[in-house]
Amino acid sequence: MRPYRSVLYIPAARERALEKAQTLPVDAIIFDLEDAVAADEKENARVLLARVLGEADYGGRARIVRVNGLDTPWGAEDIAAFRGAKIDALLIPKVGSAADVEAVARLIPDVPLWAMMETPAGMLNAAEIAAHPRLSGMVMGTNDLAKEIGARFRPDRLPMLTGLQLCLLAARAHRRIAIDGVYNAFKDDEGLRAECRQGRDMGFDGKTLIHPAQLAIANEEFAPSDAEVDLARRQIEAFDAARREGQGVAVVDGRIVENLHAATARQIIARAEAIAERAI
Ligand SMILES: CC(C)(COP(=O)(O)OP(=O)(O)OC[C@H]1O[C@@H](n2cnc3c(N)ncnc32)[C@H](O)[C@@H]1OP(=O)(O)O)[C@@H](O)C(=O)NCCC(=O)NCCSC(=O)C[C@H](O)C(=O)O
Ligand SMILES: [Mg+2]
């Protein structure tokens with residue numbers, strides 16, 4: 001179980017940021033060739049990123065490259081540049097259907113593919129996209145989604161919720177990683193914390209981020225709290241004791257604990273242990 005609490009975008013044209021990320025407390029990095037790179041910088045950014053990924057040491061941080069779409073002048077060359085590279089996933093922007101995933105899969109063997117979920121068609125086709133055998137992760141693109149549906153940004157993200165939940169259901173049905181969208185106001189810690197909490201409550205594995213100042217909050221909010229770990233341990237103990245006595249139900253803190261609750265508790269412990277092992 002690899003943690004994906006914090007997933008930081010870095011514009012691939014920013015050499016200093018590419019260097020800085022080697023020491024940041026982040027679970028995964030999205031090296032972005034798409035929207036964070038201006039059109040006249042695309043070719044230089046691709047060359048720079050290929051060099052950096054060949055030389056730099058990002059330790060245990062997952063390395064994900066977001067390429068430009070195949071419907072742009074840069075998409076096919078981006079994909080070709082990272083064939084055989086030491087990366088953990090290739091992230092495809094604006095995926096609308098499983099055919100979009102298949103088109104990229106044919107151009108690059110072996111590497112796991114992730115999909116940006118950020119168009120109305122993509123949200124409606126989330127189930128077939130998640131089912132593609134090469135797909136292993138889904139990333140919410142809430143900026144593009146807001147643009148496409150004509151939504152306003154609201155603290156409760158009401159206009160987004162149906163789309164986000166369709167993607168979560170699809171991701172979970174096929175055991176894929178699901179990462180929440182970015183919080184644009186990178187100096188607003190309180191707003192970020194609230195949105196992380198909402199994303200965690202919904203079931204996301206972590207949050208995409210745009211600035212190093214956002215890392216600590218995401219790492220904290222997407223990790224099981226001490227209270228959650230303590231409760232999980234007590235639930236497992238109580239359930240195992242009940243089983244030894246031939247019972248199928250235990251009670252902890254006035255609430256029932258059945259097989260499924262014990263399974264959730266074991267997941268929480270496994271997640272906490274995986275995070276402790278990351279030790280970032
Ligand atoms: C938002 C920024 C433009 C701010 O940059 P800057 O003004 O340079 O910030 P700071 O001066 O506060 O930077 C302090 C130091 O941190 C480093 N830094 C900054 N950002 C990053 C980063 N993302 N990764 C690594 N390091 C970073 C600076 O180099 C400074 O270092 P030092 O020299 O040691 O002091 C900038 O943060 C930025 O460009 N962020 C990323 C924006 C981005 O990637 N956007 C695209 C993804 S969002 C999206 O498209 C999602 C989706 O598709 C959707 O539709 O929603
Ligand atoms: Mg986008």
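In listed order, ligands and their atoms are each counted from 1.
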The option among Glu34, Gln214, Met140, Lys20 carrying the non-hydrogen atom nearest to atom 15 (C) of ligand 1 is Lys20
Does Glu220 pair with Arg193 as a salt bridge, N-O distance under 4.0 Å? yes
Relative to atom 34 (O) of ligand 1, which among Met117, Arg16, Glu19 owns the nearest non-hydrogen atom? Arg16
Decide if atom CZ of Arg172 counts as having more than 12 heavy atoms of other residues, nucleotides or ligands within a radius under 6.0 Å. yes
Is it the side chain, the backbone, both or neither of Leu145 that has a heavy atom closer than 4.0 Å to ligand 1? neither
Side chain Glu128, main chain Asn125, donor-acceptor under 3.5 Å: no
So the atoms of ligand 1 within less than 4.0 Å of a heavy atom of Glu118 turn out to be 52 (C), 53 (O), 54 (C), 55 (O)
Given that the side chain starts at C-beta and the backbone is N, CA, C, O, which of these parts of Met116 lies under 4.0 Å from ligand 1, counting heavy atoms, or is it both or neither? side chain
Please check if the side chain of Asp27 supplies one atom and the backbone of Arg5 the other of a donor-acceptor pair under 3.5 Å. yes
Can you confirm whether some protein heavy atom lies under 4.0 Å from atom 7 (O) of ligand 1, or whether none does? no
The atoms of ligand 1 lying under 4.0 Å from a heavy atom of Asp32, numbered in the order shown, are 46 (C)
Using a 4.0 Å heavy-atom cut-off, which part of Arg14 comes near ligand 1: side chain, backbone, both, or neither? side chain
Could you name the option among Ile29, Val182, Leu215, Ile210 that has the heavy atom nearest to atom 41 (C) of ligand 1? Ile210
Among protein heavy atoms, which sits nearest to atom 44 (O) of ligand 1, and what does the distance come to when rounded to 0.1 Å? Tyr9 CB, 3.3 Å
Sole residue of Leu90, Asn68, Val65 in side chain to side chain contact (heavy atoms under 4.5 Å, CB included) with Ile79: Leu90
Just wondering, more than 12 heavy atoms not from Asp226 lying within 6.0 Å of its CG? no
Just let me know how Lys187 lines up against ligand 1, side chain, backbone, both or neither, with a heavy-atom cut-off below 4.0 Å. neither
How about Phe31 and Phe82: are their ring centres within less than 6.0 Å of each other? no
Ligand 1 contacted by Pro11 (non-hydrogen, < 4.0 Å): yes
If hydrophobic clusters are built from ILVMFWY residues whose side chains come within less than 4.5 Å, do Leu49 and Ile29 share one? yes
With heavy atoms of Thr142 as the reference, note each atom of ligand 1 found under 4.0 Å away. 54 (C), 56 (O)
Before moving on, can you tell me the angle at the Mg ion (ligand 2) between the OE1 atom of Glu118 and the OD2 atom of Asp144, to the nearest 10 degrees? 90°
What atoms of ligand 1 come within less than 4.0 Å of a heavy atom belonging to Ala36? 43 (C), 44 (O), 45 (N), 46 (C)
Considering only heavy atoms of Asn143, which atoms of ligand 1 have at least one such atom less than 4.0 Å away? 54 (C), 55 (O), 56 (O)
Take atom 11 (O) of ligand 1 and look for protein heavy atoms under 4.0 Å from it; say yes if you find one, no if not. no
Indicate yes or no: does an N/O atom of Asp35 lie under 3.5 Å from an N/O atom of ligand 1? no
Out of Arg66, Lys94, His211, indicate the one that has the non-hydrogen atom closest to atom 49 (C) of ligand 1. Arg66
Applying the side chain to side chain contact (heavy atoms under 4.5 Å, CB included) test to Trp114, which of Ile92, Ile177, Leu135, Asp88 qualifies? Ile177
Who's the nearest protein heavy-atom neighbour of atom 1 (C) of ligand 1, and how far? Phe186 CE2, 3.6 Å
Report the part of Ala17 (side chain from C-beta onward, or backbone N, CA, C, O) that has a heavy atom under 4.0 Å from ligand 1; answer both or neither where that applies. both
Sidechain N-carboxylate O distance under 4.0 Å for Arg233, Glu237: no
Surrounding CD of Glu190 (heavy atoms of other residues, nucleotides or ligands, distance under 6.0 Å), is the total greater than 12? no
Heavy atom to atom 20 (N) of ligand 1, shortest distance: which of Ala213, Ala146, Pro93, Pro212 holds it? Pro212
Can you tell whether the side chains of Arg66 and Glu34 come within less than 4.0 Å, N to carboxylate O? yes
Charged N to carboxylate O under 4.0 angstrom, Arg266 versus Asp240? yes
